[in-house]
A.B. asks: 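Take a look at the following structure, please.
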Amino acid sequence: SDEAILAEFAEIIIPTTATSPGAKAAGLGPFIPMMVRDCYPANLQELFAQGLKDMDEKCIKTYGKNFVSLSDTERLQVVTHLRDEAKANSKQPSFFAIARDLTILGYYSSEIGCTQAREYIAIPGRYDGNAPLEPGQKAWATS
């Protein structure tokens, strides 16, 4: 159930578009809790778990249903509120910041993120940190 909540949360951060699948398709539901469990210290694991629980409780209190059952518009409102809270307390770690950062990390290191959301070239060439991009062109990803 936490994985389902986190998959929907991540989909708000990186949604499916006409040109590439979103965070849910990239498997971020299981990725986020695995990274928190395996890579974060105990105090941030607790903060993350409590933040996830608090988010779902706020959804029930505000909308009468849990995060997964909310409409896309309601989910966006919840995530926007969490973002605004995190920005207001930017010196403190937050559930939102951890989940957002892991969403971005997981997505852009996934196969979908590297091959469909970015321009993919299997054979790397020389490094050019200032390569020009055409309007609408995807950023580069190489193996």
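Numbers for residues simply follow the sequence, beginning at 1. Remember, predicted model here, so these are calculated numbers, not experimental data.
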A.B. asks: Looking only at atom types and distance, does a side-chain atom of Arg75 sit under 3.5 Å from a main-chain N or O of Val68, one as donor and one as acceptor?
C.D. replies: yes

A.B. asks: Find out whether Asp2 and Pro33 are in side-chain contact, i.e. whether some heavy atom of one side chain is under 4.5 Å from a heavy atom of the other.
C.D. replies: no

A.B. asks: Any non-hydrogen side-chain atom of Ile32 less than 4.5 Å from a side-chain atom of Phe9?
C.D. replies: no

A.B. asks: I need the minimum non-hydrogen distance between Lys24 and Ala7, along with the two atoms involved.
C.D. replies: CG-CB, 3.9 Å

A.B. asks: Between Asp84 and Phe96, does a side-chain contact (heavy atoms from CB on, under 4.5 Å) hold up when you go through it step by step?
C.D. replies: CA-CA 9 Å; Asp84 293 345; Phe96 174 83; over 6 Å; no

A.B. asks: Distance check, rounded to the nearest 0.5 Å: Leu70 atom CG versus Glu8 atom CD?
C.D. replies: 10.0 Å

A.B. asks: Could you give the distance from OG (Ser71) to NZ (Lys65), rounded to the nearest 0.5 Å?
C.D. replies: 6.0 Å

A.B. asks: So how far is it from Leu44 CG to Cys39 SG, rounded to the nearest 0.5 Å?
C.D. replies: 12.0 Å

A.B. asks: Would you tabulate the side-chain donor-acceptor contacts of residues 51-61 under 3.5 Å, counting partners in other chains and residues two or more places apart, or write 'none'?
C.D. replies:
residue	atom	partner	partner atom	Å
Asp54	OD1	Gln50	NE2	2.7
Asp56	OD1	Phe67	N	2.8

A.B. asks: So which heavy atom on Ile12 is nearest to which on Asp72, and how close?
C.D. replies: CD1-O, 4.3 Å

A.B. asks: As an exercise, state the distance from CD1 of Ile14 to CZ of Arg100, rounded to the nearest 0.5 Å.
C.D. replies: 11.0 Å

A.B. asks: For Gly106 versus Phe31, what's the shortest heavy-atom pair and its separation?
C.D. replies: CA-CE2, 3.3 Å

A.B. asks: With side-chain contact (heavy atoms from CB on, under 4.5 Å) as the test, would you mind laying out the steps for Thr80 and Gln77 before giving the verdict?
C.D. replies: CA-CA 5 Å; Thr80 300; Gln77 290 171 347; 5.7 Å; no

A.B. asks: Once you round to the nearest 0.5 Å, how far does CG of Leu28 lie from CD1 of Ile13?
C.D. replies: 10.5 Å

A.B. asks: State, to 0.1 Å, how close Ala10 and Thr103 come at their nearest heavy-atom pair, and which atoms those are.
C.D. replies: CB-OG1, 3.6 Å

A.B. asks: Could you report the tightest heavy-atom contact between Gly29 and Leu6, atom names first, then the distance?
C.D. replies: O-CB, 4.2 Å

A.B. asks: Where the side chain of Lys138 meets the backbone of Gln116, is there a donor-acceptor pair that is under 3.5 Å apart?
C.D. replies: yes

A.B. asks: Side chains of His81 and Glu85: donor-acceptor distance under 3.5 Å anywhere?
C.D. replies: yes

A.B. asks: Output every pair passing ring-ring contact (aromatic ring centres under 6.0 Å, His included) with a member in residues 32-66, not counting sequence neighbours, ordered by first then second residue.
C.D. replies: Phe48-Phe95

A.B. asks: Do you know which two heavy atoms are closest between Ser110 and Gly113, and how far apart they sit?
C.D. replies: OG-N, 3.0 Å

